[in-house]
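Take a look at the structure set out below.
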Number of protein chains: 2
Amino acid sequence: MDLRPSAALKLWHDVMLAHVHGDDTDLSARQMVILLTIYLEAPPHTVRGLAKKLDVTKPVITRALDTMGARDLVQRRRDEDDRRNVVIQRTVKGALWIEKLADSIVERARNVARRS
Amino acid sequence: MDLRPSAALKLWHDVMLAHVHGDDTDLSARQMVILLTIYLEAPPHTVRGLAKKLDVTKPVITRALDTMGARDLVQRRRDEDDRRNVVIQRTVKGALWIEKLADSIVERARNVARRS
DNA sequence: GCCTTTTATTTCGCTTTCGATACAATATCG
DNA sequence: CGATATTGTATCGAAAGCGAAATAAAAGGC
């Protein structure tokens, strides 16, 4: 992908602005990264695994799952093989949210000068 | 710009992850949009103007300026022509922050499949 | 010179998040 | 079984952000 710095900033600005406008309540940077990780990388996802991958403490993950779980963007499930683990799963609503974000980025990228 | 949805999401994830890792304290979505607006669009910028452009209340702008001002990312100045106005100005540190963000996006965009 | 309008900030009570630590539940090792 | 390790959550006080309304300062209308 070829992207000049000024185009990158405009893209970032436009998508962020749409994000702030759009959602009922917008997700924090951490929450967004967690959600994206869950939807982009292969399962299974655990609290510990996410904490390590994002280099944050476990309570941060727990809190984010509380918030996003309340909004039905992710789902918790006990791992029956090792009941200490909690497996984080996708939801229909979460998939839609992600899809909407992707569309938003793609659409705004189209309005950005190419190579130029 | 040509960008598939999956590439867009990966780009977003990677940049956000770097953002969360990198900064001492990361900026909220609103703060980031405000900062980008100040640095992308032509001055002068006022509290009222930013509030209208981003469709938020004025206290939101004031608070964001407090926070970012404390981190020396933006600067306030009284408008001497109309002393009710506050003009928001760029700082060296803010410019560096923006530049770093741009580089981060550009670099990660390079690692994303093109057109595919 | 008042009265009204406009601009930015302050204040209020509330909610959310933070890091750090403590804790409860489960698994593992001997 | 009993000690230890691991996993996720709960709790704590502190900090930050929110919307709504009140306030202070400055400008403009008449």
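Source: prediction; values computed, not measured. Protein chains get the first letters and strands the later ones, always in sequence-line order, with residue 1 at the start of each. In what follows, every heavy atom counts, from backbone to side chain, and hydrogens, waters and symmetry copies are set aside.
In this structure, the side chain of A:Ser104 does not engage the main chain of A:Val15 through any donor-acceptor pair within 3.5 Å. Side-chain atoms of A:His21 come within 3.5 Å of backbone N or O of B:Leu54 as a donor-acceptor pair. The closest donor-acceptor contact from the side chain of B:Arg78 to the backbone of B:Arg84 lies under 3.5 Å. Remark: the backbone N or O of B:Leu73 is paired with a side-chain donor or acceptor of B:Thr91 at under 3.5 angstrom.
Between A:Arg78 and the phosphate of D:dG8, there is no side-chain N or O to OP1/OP2 separation shorter than 4.0 Å.
Checked for salt-bridge contact, A:Arg83 and A:Asp79 miss the test: no charged N lies under 4.0 Å from a carboxylate O. Ion pair B:Asp66/B:Arg71 not flagged as a salt bridge, since none of the NZ, NE, NH1 or NH2 atoms sits closer than 4.0 Å to an Asp/Glu carboxylate oxygen.
A:Leu11 CG to B:Trp12 CH2: the interatomic distance, rounded to the nearest 0.5 Å, is 5.5 Å. The CD atom of A:Gln75 lies 11.5 Å from the CG atom of A:Leu65; values are rounded to the nearest 0.5 Å.
Taking the six-membered ring for Trp and thresholds of 30 and 60 degrees, B:His19 and B:Trp97 have ring planes more than 60 degrees apart, a perpendicular arrangement.
Between B:Glu80 atom CD and D:dA25 atom P the separation is 16 Å, expressed in whole Å. Taking atom CG on A:Asp79 and atom P on D:dG8, their separation rounds to 9 Å, with Å as the unit. At whole-Å resolution of the value, CG in A:Asn85 and P in D:dT6 are 13 Å apart.
Ranked by how close their nearest DNA chain C nucleotide is to the 5' end, B:Ile61 and A:Val60 are led by B:Ile61.
Looking at A:Thr37 and B:His13, their side chains do bring a donor and an acceptor atom within 3.5 Å of each other.
Contacts of residues 30-58 of chain A with DNA chain C (heavy atom under 4.0 Å): A:Arg30, A:Gln31. Within residues 62-70 of chain B, the residues having any heavy atom under 4.0 Å from DNA chain C are, by residue number, B:Thr62.
Taking every nucleotide of DNA chain C with any atom under 4.0 Å from a non-hydrogen atom of chain B, the first and last of them, 5' to 3', are C:dT6 to C:dT10.
Contact between A:Leu9 and B:Leu40 at its shortest, heavy atoms only, is O-CD1, 3.6 Å.
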